[in-house]
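A quick write-up on the structure given underneath.
To find a chain, count down the sequence lines: A is the first, B the second, and so on, and within it residues start at 1. Just so it is clear, the model here is predicted, and its values are computed rather than measured.
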There are 2 protein chains.
Amino acid sequence: MNTLSYGLLAFLAREPGSGYDVMLKIQPFWQAKHSQIYPLLAQMEENDLLTSYWIKQSEKPDKKIYSITDNGIRKLKEWMYMPLPDPVTRDELSMKTFCMWLTDRDNAIEIVETRKAYFTRRLESFNTKLQNVPEEKRAFGNREFYDYILIQKGIFNATAGQDWCNWVLGMLREQQAKESPIQPVQ
Amino acid sequence: MNTLSYGLLAFLAREPGSGYDVMLKIQPFWQAKHSQIYPLLAQMEENDLLTSYWIKQSEKPDKKIYSITDNGIRKLKEWMYMPLPDPVTRDELSMKTFCMWLTDRDNAIEIVETRKAYFTRRLESFNTKLQNVPEEKRAFGNREFYDYILIQKGIFNATAGQDWCNWVLGMLREQQAKESPIQPVQ
DNA sequence: CGGGTCATGTAAGTAGTTACATGATTGG
DNA sequence: CCAATCATGTAACTACTTACATGACCCG
C-alpha cells in the first residue's frame with residue numbers, strides 16, 4: 001500500500017466510482033496515469049479493500065464501478081495516524097531559473113509566462129470546483145469542509161506561484177523598458 | 001539526459017563541486033538521494049559533459065570534484081529552449097486532508113501542525129540562504145539575481161503553505177473553543 | 001477525417017527509494 | 001557511546017511514465 005493507493009481509497013470512501021472517475025478526481029492533487037491506477041485498484045480489490053461491479057453502457061465503453069469495503073475504511077482510518085512525510089516537488093522551472101543567466105531575456109520571459117499560464121488554468125479549475133461547494137457547507141462539521149480546505153490548498157499554492165511569476169516578470173520587463181528607446185506611456 | 005541531470009549540470013555550471021556538494025545544493029529544490037546522483041554524474045562524465053579529479057583529504061574521505069565542460073554548457077543552453085513541463089507535486093497531506101472527516105479533530109490538528117513545522121524549518125533555511133546574497137547583487141544583470149529569485153520562489157511557496165496551515169488550524173481550533181466549557185480569556 | 005473524450009487494460013522502460021558497504025571525526 | 005556529518009559507491013526494489021491495444025462517438 002503506497003500513498004497513491006490510500007489516495008484512491010480516500011476518493012472511493014466518499015462515493016463509489018470507476019477507475020477513470022477517480023483518475024480525473026485525483027489528477028489536480030496527485031499526478032497519476034491510468035496505467036498506474038488500474039492495476040492498483042485491481043490489487044486493492046484482491047486485498048478486500050474494494051469491491052466492484054460492471055455497468056454496461058451503450059454508445060460508451062462499459063464501466064467498472066469500485067466501492068470501498070469496511071476493511072478499506074478501517075485501513076484508511078489507521079493511515080490517518082501514520083507519520084506525515086514531507087511533500088515532494090519536482091519542478092523543472094527551479095532548475096531553469098538557476099541557469100537563466102545562460103540564456104537571453106526574451107527566453108527567460110517566455111519560460112516564466114508559460115508557467116504563469118499554467119497557474120491561471122489551475123486557478124480557473126479550482127475556482128470552478130469551489131463553486132460546487134455550497135457556502136453553508138464550508139464550515140467545520142460538514143464533510144464538505146474538507147473538500148473546501150483542500151481546494152483552498154490548491155488555490156493558496158497556485159496564487160503564490162502566480163504572484164512569483166508576476167514579480168519576476170516585472171523585474172525582467174523593467175529592465176527591458178530601461179533599455180528600450182521609447183518609454184511606454186503610464 | 002533527464003531533468004535531474006540538467007539540474008546537476010546547472011549547479012556545476014556555476015562552480016565545480018563534488019557529488020556530495022551538489023546533492024546538498026539541489027536538495028531544497030529537487031529531492032534526490034546520493035544513490036541516484038553519483039551514477040548520473042559518472043554517466044555525464046562519460047558523455048563529456050563533465051570532467052573530474054580527486055582531492056585527497058586527511059581526516060575526511062577523499063573528494064571527487066566535477067567541472068562542467070564546454071559541451072556541458074552547450075547542452076544546458078539548448079535545454080533552456082526546450083518546452084517547460086508542468087511541475088509535479090506529490091503531497092500526502094492533500095490525500096489526508098480529503099479524509100480528515102474519518103479521524104478526530106486532535107489528529108487533524110496534529111497533522112496540520114506537522115506540516116506547519118516543516119514550512120517553518122524551510123523558511124528558516126531559505127532566509128539564511130537569502131542573507132548570503134548581498135543586496136547590491138539582487139538586481140537584473142547579476143548572476144546572483146537568479147539565485148535571489150530562486151530562493152524567493154521557495155519563500156513564496158513555503159509562505160503560502162504556512163498561511164494555509166494557520167488558516168486551517170484557526171478553523172479547527174475555533175470549533176474547539178466553542179465546544180470547551182471554559183472560554184479562553186482574550 | 002483527425003483529434004479529443006470516454007473507458008479499460010498490459011508491457012516495457014525510466015526514475016527514484018531503500019538498503020548494503022566502508023570508515024574516520026566530532027558533538028552531545 | 002551513539003548519532004550525525006563527510007564522502008562515494010552498488011544492488012535491489014518500488015513508483016511512475018510511455019507506448020501499445022481496442023473501439024465508438026462527437027466536434028470542428
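Side chain of B:Ser125 to backbone of B:Arg121: no donor-acceptor contact under 3.5 angstrom is found. A donor-acceptor pair is defined here as one N or O able to donate and one able to accept, closer than 3.5 Å; no such pair exists between the side chain of A:Asp163 and the backbone of A:Ala160. With A:Arg115 contributing its side chain and B:Pro85 its backbone, the two residues share a donor-acceptor pair below 3.5 Å.
From one end of the helix from C:dC1-D:dG28 to C:dG28-D:dC1 to the other, with five pairs defining each end axis, the axis direction shifts by 50° (rounded to 10°).
B:Asn132 CG: more than 12 foreign heavy atoms inside a 6.0 Å radius. Counting heavy atoms of neighbouring residues, nucleotides and ligands inside a 6.0 Å radius, atom CD of B:Gln27 exceeds 12 of them.
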Listing, residues 41-49 of chain A side-chain donor-acceptor contacts under 3.5 Å, not counting sequence neighbours, or none:
from    : atom 1 : to      : atom 2 : distance (Å)
A:Glu45 : OE1    : A:Ser52 : OG     : 3.3
A:Glu45 : OE2    : A:Ser52 : N      : 3.2
A:Glu45 : OE2    : A:Ser52 : OG     : 2.7
A:Asn47 : ND2    : A:Gln43 : O      : 3.3

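Here C:dA24 presents its C1' atom at 17 Å from NZ of B:Lys56, a figure rounded to the nearest Å. Straight-line distance from the CD1 atom of A:Ile37 to the P atom of C:dT10: 14 Å, rounded to whole Å. Look at CG on A:Leu41: it is 12 Å from C1' on C:dG9, rounded to the nearest Å. Between B:Tyr66 atom OH and D:dT8 atom P the separation is 8 Å, expressed in whole Å. In this entry the distance linking NZ of A:Lys63 with P of C:dC6 reads 9 Å, nearest Å. In this entry the distance linking CD1 of A:Ile65 with C1' of C:dC6 reads 13 Å, nearest Å. What separates CG of A:Asp62 from C1' of D:dC25 is a distance of 15 Å, to the nearest Å. Spacing between atom CH2 of B:Trp30 and atom P of C:dA15 amounts to 10 Å, rounded to whole angstrom units.
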Using nucleotides 18-21 of chain D, report all nitrogen or oxygen pairs with the protein that are shorter than 3.5 Å.
from   : atom 1 : to      : atom 2 : distance (Å)
D:dT18 : OP2    : A:Lys33 : NZ     : 3.4
D:dT18 : O4     : A:Ser35 : OG     : 2.5

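Checking C:dT10, D:dT8, C:dT8 against every side-chain atom of B:Trp54, the shortest atom distance belongs to D:dT8.
In terms of position along DNA chain D, the nucleotide closest to B:Lys64 lies nearer the 5' end than the nucleotide closest to the other residue of the pair B:Lys64 and B:Arg90. If you find the closest nucleotide of DNA chain D to B:Tyr38 and to A:Thr3, the one lying nearer the 5' end belongs to B:Tyr38.
Contact of the A:Met95 side chain with the B:Trp30 side chain is registered, since non-hydrogen atoms from C-beta on lie closer than 4.5 Å. Under the 4.5 Å side-chain criterion, counting only non-hydrogen atoms from C-beta, B:Val168 is in contact with B:Trp164.
By the criterion of side-chain heavy atoms lying less than 4.5 angstrom apart, applied directly or through intervening Ile, Leu, Val, Met, Phe, Trp or Tyr residues, A:Ile109 is grouped together with A:Trp101 in one hydrophobic cluster.
For the segment residues 16-28 of chain A, residues with any heavy atom less than 4.0 angstrom from an atom of DNA chain C are, sorted by number, A:Ser18, A:Gly19, A:Tyr20.
Counting only residues at least two apart or in different chains, side chain to side chain donor-acceptor pair (under 3.5 Å) contacts with residues 133-159 of chain A comprise A:Arg14-A:Asp147, A:Lys153-B:Asp91, A:Lys153-B:Ser94.
For A:Asn2, the side-chain hydrogen bond (donor to acceptor under 3.5 Å, both in side chains) partners are A:Ser5, not counting sequence neighbours.
For the OP1/OP2 pair of C:dA7 and a distance below 4.0 Å, the side-chain nitrogens and oxygens of A:Gln57 include at least one atom meeting the criterion.
Of the candidates B:Arg90, B:Glu92, B:Lys96, B:Glu92 is the only one forming a side chain to side chain donor-acceptor pair (under 3.5 Å) with A:Thr3.
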